[in-house]
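Following: one structure in structure tokens, then a few remarks.
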Amino acid sequence: MSERIEVPDGVERIEIDAFVAASADAVWELWTTTEGLERWWWPMFDDTRYELDVQEGGWYRFRTATGGFGVQGRYLQLDDTKRIVQSWDWLGGGEELQGEEQLVIIDFTELGDGTMVRVTQTAPLDELDDLRDGWQDTLTRLEELLD
């Protein structure tokens, strides 16, 4: 693996933690497969499409016509069952969702009978609260799936 990518000092970011009652292997599968994502990411939208090429330099795209938005990016670093580093670019939803490509880091740490998941995302200061709420919602669905 190349040099570990980190969020640069001074860059605005959020960090959200969740503890899930599953091994890092199981949680990794839920993040890196279409079948896994369908179980928890945006289950409220029946038409969500998850497209993935999970390899360093590969890409992903999640989108829903019903919700009117999506997200896409590239996999910048993958450390199997431990870490995903990806770019993040909103799709659709009007100007408020269009902006600079952001950085998302997902760390998986096995702890006893489960896995701590930490999501770190860079964003402009005025987007941090909405992102925090969105990730909290998303990670709560993951926790509930595995409880």
Side-chain angles (χ1 to χ4, degrees), residues 1-20 22 24-110 115-146:
M1 188 169 81
S2 55
E3 185 176 333
R4 185 176 167 103
I5 295 174
E6 299 289 351
V7 175
D9 291 338
V11 173
E12 298 294 339
R13 75 195 78 189
I14 59 157
E15 287 185 357
I16 303 291
D17 292 331
F19 182 80
V20 294
D25 286 341
V27 179
W28 179 266
E29 286 294 313
L30 291 169
W31 280 85
T32 60
T33 65
T34 300
E35 299 78 16
L37 288 162
E38 287 172 346
R39 295 179 61 198
W40 66 280
W41 188 271
W42 286 332
M44 67 289 272
F45 302 114
D46 291 340
D47 67 339
T48 303
R49 291 190 49 205
Y50 303 94
E51 301 169 277
L52 309 165
D53 177 22
V54 184
Q55 61 179 325
E56 286 190 17
W59 56 273
Y60 69 94
R61 184 179 302 114
F62 311 158
R63 59 185 165 187
T64 167
T66 304
F69 57 87
V71 64
Q72 68 182 5
R74 295 169 290 114
Y75 292 105
L76 306 174
Q77 275 186 347
L78 296 168
D79 186 0
D80 194 32
T81 73
K82 293 179 179 39
R83 192 165 214 250
I84 299 170
V85 180
Q86 61 194 43
S87 63
W88 181 277
D89 187 25
W90 286 108
L91 299 169
E95 272 185 45
E96 70 278 2
L97 293 182
Q98 302 293 330
E100 299 271 327
E101 186 176 77
Q102 300 168 356
L103 182 68
V104 174
I105 299 172
I106 306 110
D107 289 303
F108 306 96
T109 306
E110 278 203 33
T115 301
M116 180 63 68
V117 178
R118 170 169 283 172
V119 175
T120 305
Q121 181 166 354
T122 64
L125 188 59
D126 63 344
E127 293 179 23
L128 295 180
D129 287 340
D130 288 340
L131 282 174
R132 184 175 290 107
D133 292 346
W135 278 115
Q136 192 61 61
D137 224 35
T138 302
L139 291 175
T140 296
R141 285 192 299 276
L142 180 62
E143 289 172 323
E144 290 171 352
L145 173 67
L146 296 169

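Note that the numbering runs from 1 along the sequence shown for the chain.
- Remark: Thr138 engages Trp40, Trp41, Trp135, Arg141 in a side-chain contact (heavy atoms from CB on, under 4.5 Å) (not counting sequence neighbours).
- The only member of Glu12, Glu101, Glu127, Gln102 that meets side-chain contact (heavy atoms from CB on, under 4.5 Å) when paired with Thr122 is Gln102.
- Across all their heavy atoms, Asp47 and Ala65 have their closest contact at OD2-N, 3.0 Å.
- Using cut-offs of 30° and 60° on the angle between ring planes, the pair Tyr60 and Trp88 is tilted.
- Across all non-hydrogen atoms, the minimal contact from Glu110 to Asp25 is OE2-N, 4.3 Å.
- Counted within 6.0 Å of CG on Asp126, heavy atoms from surrounding residues, nucleotides or ligands total more than 12; the atom is thus considered enclosed.
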Exercise. Salt bridge (charged side-chain N to carboxylate O under 4.0 Å, His left out) between Arg83 and Glu6: does it pass, once the steps are laid out?
Worked result: CA-CA 11 Å; Arg83 192 165 214 250; Glu6 299 289 351; 3.4 Å; yes
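- Atom CD in Glu15 sits 4.0 Å away from atom OG1 in Thr120 (nearest 0.5 Å).
- No side-chain heavy atom of Val54 sits less than 4.5 Å from a side-chain heavy atom of Trp31.
- The six-membered or imidazole ring of Phe45 lies near that of Phe69, with a centre-to-centre distance under 6.0 Å.
- The main-chain N or O of Gly73 is never found under 3.5 Å from a side-chain atom of Ser87 such that the two would form a donor-acceptor pair.
- Under the 4.5 Å side-chain criterion, counting only non-hydrogen atoms from C-beta, Leu30 is in contact with Leu146.
- Rounding to the nearest 0.5 Å places CD1 of Ile84 at 11.5 Å from CD1 of Ile105.
- Arg13 places a side-chain N or O within 3.5 Å of a backbone atom of Pro8 that can act as its donor or acceptor partner.
- Interatomic distance, Gln77 CD to Lys82 NZ, rounded to the nearest 0.5 Å: 14.0 Å.
- Counting only heavy atoms from C-beta outward, the side chains of Val117 and Glu143 never approach each other to under 4.5 Å.
- Taking CD1 of Ile16 as the reference point, atom CZ of Arg118 lies at 10.0 Å (rounded to 0.5 Å).
- Closest approach of Glu51 to Trp59, counting heavy atoms only: CB-CZ3, 3.5 Å.
- Atom CG of Leu103 sits about 6.5 Å away from atom CG of Leu76, to the nearest 0.5 Å.
- Between the side chain of Glu56 and the main chain of Leu78, a donor-acceptor pair closer than 3.5 Å is present.
- Using a distance-only test at 3.5 Å, with no hydrogens or angles considered, no donor-acceptor pair links the side chain of Thr81 to the main chain of Trp28.
- With sequence neighbours left out, the side-chain hydrogen bond (donor to acceptor under 3.5 Å, both in side chains) criterion links Trp42 to no other residue.
- Between Ala24 and Thr115, the shortest heavy-atom contact is N-OG1, 3.0 Å.
- Within the model, atoms OG1 of Thr64 and CG of Asp46 stand 8.5 Å from one another, a figure rounded to the nearest 0.5 Å.
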For this session: For the pair Tyr75 and Leu52, evaluate side chain to side chain contact (heavy atoms under 4.5 Å, CB included) and give the outcome as yes or no after the intermediate values.
Result: CA-CA 10 Å; Tyr75 292 105; Leu52 309 165; 3.4 Å; yes
